[in-house]
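What follows is a set of notes on a single structure, which appears directly below.
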Amino acid sequence: MPFRVRTAIFRWSLQSVPYSTHSSSSSILHKFSSLAQPQVHGQSVETCDDDGFLPWLERKAGCRISSSLSIGKSSYGRSLFASKAIKTGDCILKVPYKVQITADNLPAKIKSLISEEVANIAKLAVVLLIERKLGQDSQWNPYISCLPWQGEPHNTIFWNESELEMIRQSSVYWETINQMSQTERDFLAIRPIFECFGQSFGDITYKDFMHACTLVGSRAWGSTNGLSLIPFADFVNHDGNSEAIVMSDDDKQLSEVTSDRDYAPGEQVLIRYGKFSNATLMLDFGFTVPYNTHDQVQIQLDIPKHDPLHKMKLELMQQYFVPPNKDAENLKHSWNLFTIKEVRSTKGKGLPQSLRAFARVLSCTNRQELDDLVVEAAQTDGRLGRRPLPDVNKEIQAHLMLSSLITQLIEERSAAIMSLEESFNSSPFCERVSVRRFMARDLLRGELRILNSASTWLENYCRSSF
């Protein structure tokens with residue numbers, strides 16, 4: 001399943017588990033941002049017993065979960081607040097593994113029928129569907145009733161065609177299409193099981209399944225046990241600047257959070273889910289933030305079909321240009337897809353060296369120049385085109401090529417933003433559309449900022465190379 005999930009850090013191994021389905025924020029102000037919190041149906045707020053939730057969970061766990069946090073409402077929806085003064089270094093919650101929901105909660109007769117090819121996120125989604133169908137008979141009802149209902153999330157997988165058009169300039173557009181396709185494939189693989197156990201599931205539709213998968217993708221944490229929904233912990237909202245994270249301790253069989261700063265009574269407590277761009281936030285979590293320090297832009301470079309050296313360059317690209325896994329975990333990258341981050345230093349950090357190398361290869365006009373790059377790679381670190389070209393004019397030409405492409409992307413996003421700005425002044429529209437327009441604007445503004453930083457650096461580089 002192409003969803004990202006929040007990743008728990010393991011206290012003793014100090015190693016982040018890359019468990020993600022399309023997976024892993026900068027500023028997750030929980031499931032939906034202040035702009036993305038219309039509470040369309042409101043049932044999740046009305047039916048959840050906030051006052052009784054923690055006592056229920058502690059009875060189920062047989063231990064204290066938290067003595068310093070209480071559930072309340074903020075502009076982001078359900079949130080956790082300091083019920084007393086909290087100091088830096090205080091452990092503010094501990095949730096034992098035994099009260100976390102995983103795919104192991106699937107009934108054995110159903111679990112045995114689900115193919116291994118079906119991702120854990122889909123399996124966990126099935127657990128939610130079963131428990132929600134049981135209603136008050138479910139042992140997890142107090143938690144399930146607190147989860148968002150259909151119509152509330154603003155993940156791009158729920159956007160209609162005209163809404164998706166607002167973000168067509170961004171790679172998240174195609175990621176959304178791919179996510180829809182993958183979700184549908186998983187549904188088709190699991191649907192026969194729904195039909196076999198109609199008494200357990202009732203009439204489960206694709207929309208039901210998609211909603212359940214989105215809940216898991218936006219709320220679950222990765223651990224050595226796979227994916228886990230951690231009741232109470234997933235009520236904590238996100239602050240991209242926070243150093244507090246969920247830690248999983250396999251020895252103690254629990255997940256816990258240690259505060260990274262002092263909190264006064266009544267103050268909302270925040271943690272960091274991970275480091276995500278707005279593209280990831282809106283795709284997998286259903287919101288954006290106005291200024292996201294982790295924003296990035298994916299761009300694609302192609303070798304012109306009319307290039308006489310097309311075949312040779314293509315072979316070299318496929319041989320030498322292997323995308324780094326860290327650019328986007330569990331995404332299917334091609335050799336000509338690159339991720340640009342904000343360029344803040346004079347050395348161009350944020351503009352991938354592989355992208356600049358690609359441009360150098362593209363700028364070659366004869367076989368000898370390509371052969372020289374191959375020899376240089378063999379004599380150095382084995383990477384192609386990582387050093388400035390000996391011919392200064394060629395080096396400048398390669399970077400002007402990048403500059404021209406980025407300028408085009410800047411113009412496209414600027415035009416899209418202008419169109420959105422104009423729509424804000426048009427006739428009134430429903431709250432859902434309003435939320436998604438703000439999200440689209442946050443996304444495009446962030447990507448525009450990234451592209452402008454890259455453009456400025458490229459201009460300076462070309463100027464200083466003369």
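We use all heavy atoms of the structure for the numbers below, so side chains are in, but hydrogens, waters and symmetry mates are not. Residue numbers run from 1 in the order of the sequence given.
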Criterion side chain to side chain contact (heavy atoms under 4.5 Å, CB included) against [X], the qualifying member of [options]:
{"X": "N278", "options": "D442, V172, L283, L444", "result": "D442"}
{"X": "I340", "options": "I450, L402, D295", "result": "I450"}
{"X": "L124", "options": "L106, L215, V216", "result": "V216"}

For a salt bridge (charged side-chain N to carboxylate O under 4.0 Å, His left out) check, start with the C-alpha distance between R261 and E243, then their side-chain angles and the critical distance, and finish with the verdict. CA-CA 9 Å; R261 67 178 183 85; E243 294 299 323; over 6 Å; no
| field | Sequence-distant partners of T88, side-chain hydrogen bond (donor to acceptor under 3.5 Å, both in side chains), two or more places apart | value |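 Testing T88 for side-chain hydrogen bond (donor to acceptor under 3.5 Å, both in side chains), a comparison that skips the adjacent residues, returns D262.
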For E342, all residues meeting side-chain hydrogen bond (donor to acceptor under 3.5 Å, both in side chains), sequence neighbours excluded: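 For E342, the residues satisfying side-chain hydrogen bond (donor to acceptor under 3.5 Å, both in side chains) (neighbours in sequence not counted) are R344, R449.
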Should the pair R432 and F158 be classed as cation-pi, given the thresholds of under 6.0 Å to the six-membered ring centre and 45° from the axis?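 Not satisfied by the 6.0 Å and 45° rule.
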Check [Y] with [X], please: is the shortest side-chain N to carboxylate O separation under 4.0 Å?
{"X": "K313", "Y": "D307", "result": "yes"}
{"X": "E117", "Y": "R185", "result": "no"}
{"X": "R360", "Y": "E376", "result": "no"}

> Going by atom types only, do Q397 and N393 share a side-chain donor-acceptor pair under 3.5 Å?
Replying inline: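 On atom types as modelled, these side chains do not qualify, holding no pair under 3.5 Å.
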In terms of ring plane angle, is the pair F235 and F232 parallel, tilted or perpendicular, where the classes change at 30° and 60°?
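It falls in the perpendicular class, over 60°.
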task = Over 60° means perpendicular and under 30° means parallel, so classify the ring planes of W221 and Y273, tilted if in between.
result =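 Aromatic pair Y273/W221 classed perpendicular.
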Practice problem: Using salt bridge (Lys or Arg N to Asp or Glu O under 4.0 Å) as the criterion, list what pairs up with K94, not counting sequence neighbours. | Solution: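 Per chain and number, K94 pairs via salt bridge (Lys or Arg N to Asp or Glu O under 4.0 Å) with no residue.
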- What is the distance from atom CG of D284 to atom OG1 of T156, rounded to the nearest 0.5 Å?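 Between atom CG of D284 and atom OG1 of T156 there are 7.5 Å.
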